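This is a predicted model, so every value here is computed, not measured. Note that ligands are numbered from 1 as they come in the structure, with each ligand's atoms numbered from 1 the same way.
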Amino acid sequence: MPFYHKLGKIPPKRHTQFRKPDGSLYSEQLFGTIGFDGMYSNIYHEYRPTQVKEIKKQYSVAPKIARANNMESLRLKGFDVKPEKDYLNSRKTVLTNSDCSIILAAPQESLKDYFYKNTDADELIFIHKGSGKLRTFLGNIDFKYGDYLLVPRGIIYQIDFDTEDNRLFIVESRRPIYTPKRYRNWFGQLLEHSPYCERDIRKPQELETHDEKGEFLVKVKKHDDIFEMVYATHPFDVVGYDGYNFPYAFSIHDFEPITGRIHQPPPVHQTFETDAFVVCSFVPRLYDYHPDSIPAPYNHSNIDSDEVLYYVDGDFMSRNDIEAGQITLHPAGIPHGPHPGAAERSIGKTETEELAVMVDTFKPLQVTEDGLKLSDGTYYQSWLEH
Ligand SMILES: [Fe+2]
């Protein structure tokens with residue numbers, strides 16, 4: 001996150017002696033990304049974070065590809081994903097490429113029996129249903145409906161859910177996820193034209209410090225394998241840290257829409273960026289107010305990017321027959337646009353209640369077996385006039 005955060009206790013000068021009440025040293029860890037060039041934090045542990053006792057298992061969780069090269073517009077019925085007790089097992093990759101994966105999950109139980117660390121990817125977890133607490137070694141964050149949780153790669157975490165009824169839309173990104181650069185000044189501060197600002201970003205506020213030795217299972221994801229690693233000390237043993245690398249939350253309900261007299265293009269909805277895809281939030285807003293405006297979008301060719309839309313709530317004005325929890329995929333290479341009747345239907349409307357998350361990827365997405373199972377098989381013909 002491009003601003004400074006400090007939590008817990010730290011010494012006044014980095015890389016200097018920082019001692020426990022018994023006189024022994026705390027263990028310092030520099031935790032950074034992109035070598036020594038990216039964002040980093042300096043973390044102080046009760047124990048050395050390197051105490052691996054055993055590597056018990058290694059197994060692949062790579063998604064099975066059903067369609068490597070896809071030209072079919074798809075509608076995936078996301079709520080057909082079956083709820084499962086275990087958090088990691090519940091996560092079903094439906095679309096993927098070498099930069100990112102689109103995952104749907106309906107976990108029923110809190111993650112308590114083990115810890116999870118994804119070293120492959122930043123995780124952007126959108127909470128469609130459910131509430132609870134993201135618990136990480138860099139502090140905890142409460143979450144609820146509409147929150148994006150951004151968990152940078154390497155953050156060890158667990159997740160508590162308040163009930164069994166949870167629906168998550170997750171983007172795993174092998175490229176770091178940032179706030180869009182054009183929203184920031186050269187100091188990193190979010191500018192006046194940004195649709196959100198630092199006050200909308202929720203940082204970890206509650207630090208759990210467990211001074212415990214024993215056996216602690218951490219499931220570590222690396223190159224699409226899970227390594228079951230047993231550590232000799234509790235992974236949440238941090239007494240303090242400072243820096244720029246930490247998890248945070250941002251609610252889609254805090255995204256302030258940008259509107260205009262005529263139809264505004266998708267970049268006005270942009271929320272996050274990487275060098276491989278963008279994430280946009282479509283939120284309730286006033287429609288275009290030119291007297292002859294057509295609020296529905298024009299046909300468009302995202303000729304060199306795949307477009308994933310995840311429908312969260314409200315009527316989606318450009319689509320007929322779309323329900324919450326569904327994903328549409330409009331593949332690169334062919335145009336798409338409003339469904340028959342949608343343009344006329346939109347004229348004269350003054351506002352929309354739609355809520356959706358869009359992911360536009362610059363490389364084409366492959367469809368997985370879990371993804372294809374959710375397809376209705378006919379969506380690509382839904383623009384035909386009868
Ligand atoms: Fe589109």
Side-chain angles (χ1 to χ4, degrees), residues 67 69-78 94-97 99-100 102 104 124 126 169 171 180 195 252 255 257-260 262-274 276-285 287-288 293-347 349 352-367 371 374-376 378-385:
R67 199 178 281 175
N69 193 2
N70 175 62
M71 189 52 104
E72 181 184 327
S73 294
L74 297 174
R75 172 169 54 179
L76 309 180
K77 297 183 171 180
V94 295
L95 301 166
T96 190
N97 65 24
D99 297 319
C100 63
I102 306 291
L104 294 172
L124 185 66
F126 178 78
F169 173 81
V171 186
I252 197 169
F255 187 93
I258 295 165
T259 59
I262 56 171
H263 189 81
Q264 296 295 297
V268 300
H269 307 283
Q270 192 179 351
T271 313
F272 300 103
E273 81 178 6
T274 73
F277 64 90
V278 297
V279 178
C280 298
S281 302
F282 289 82
V283 302
R285 61 192 182 278
Y287 267 153
D288 322 328
S293 69
I294 302 175
Y298 30 80
N299 298 299
H300 49 285
S301 298
N302 37 329
I303 193 74
D304 49 13
S305 60
D306 275 23
E307 178 195 280
V308 173
L309 261 167
Y310 180 69
Y311 301 89
V312 181
D313 203 1
D315 277 346
F316 210 77
M317 50 116 166
S318 60
R319 302 268 161 262
N320 305 334
D321 190 27
I322 286 284
E323 292 166 22
Q326 295 186 345
I327 286 176
T328 57
L329 169 68
H330 301 132
I334 53 173
H336 65 275
H339 275 142
E344 283 288 1
R345 201 166 62 222
S346 75
I347 293 171
K349 295 255 169 73
T352 174
E353 291 299 313
E354 72 185 13
L355 195 65
V357 177
M358 186 170 82
V359 181
D360 272 10
T361 67
F362 306 148
K363 282 186 200 153
L365 289 158
Q366 301 182 317
V367 187
L374 306 173
S375 169
D376 69 4
T378 60
Y379 177 71
Y380 72 103
Q381 298 167 320
S382 61
W383 286 269
L384 288 171
E385 292 181 14

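The Fe ion (ligand 1) sits nearest to atom OE1 when only the N, O or S atoms of Glu307 are considered.
The Fe ion (ligand 1) lies at 2.8 Å or more from every N, O or S atom belonging to His330.
Rounded to the nearest 0.5 angstrom, Ile262 CD1 and Ser293 OG are separated by 9.0 Å. Distance check, rounded to the nearest 0.5 Å: OH of Tyr311 to CD of Glu323 gives 12.0 Å.
Rounding to 10°, one obtains 90° for the angle at the Fe ion (ligand 1) between NE2 (His336) and NE2 (His300).
Partners of Thr274 by side chain to side chain contact (heavy atoms under 4.5 Å, CB included), not counting sequence neighbours, listed by chain and number: Ser173, Arg175, Ile177, Ala276, Phe277. Glu353 meets the side chain to side chain contact (heavy atoms under 4.5 Å, CB included) test with Pro284, Glu351; sequence neighbours excluded.
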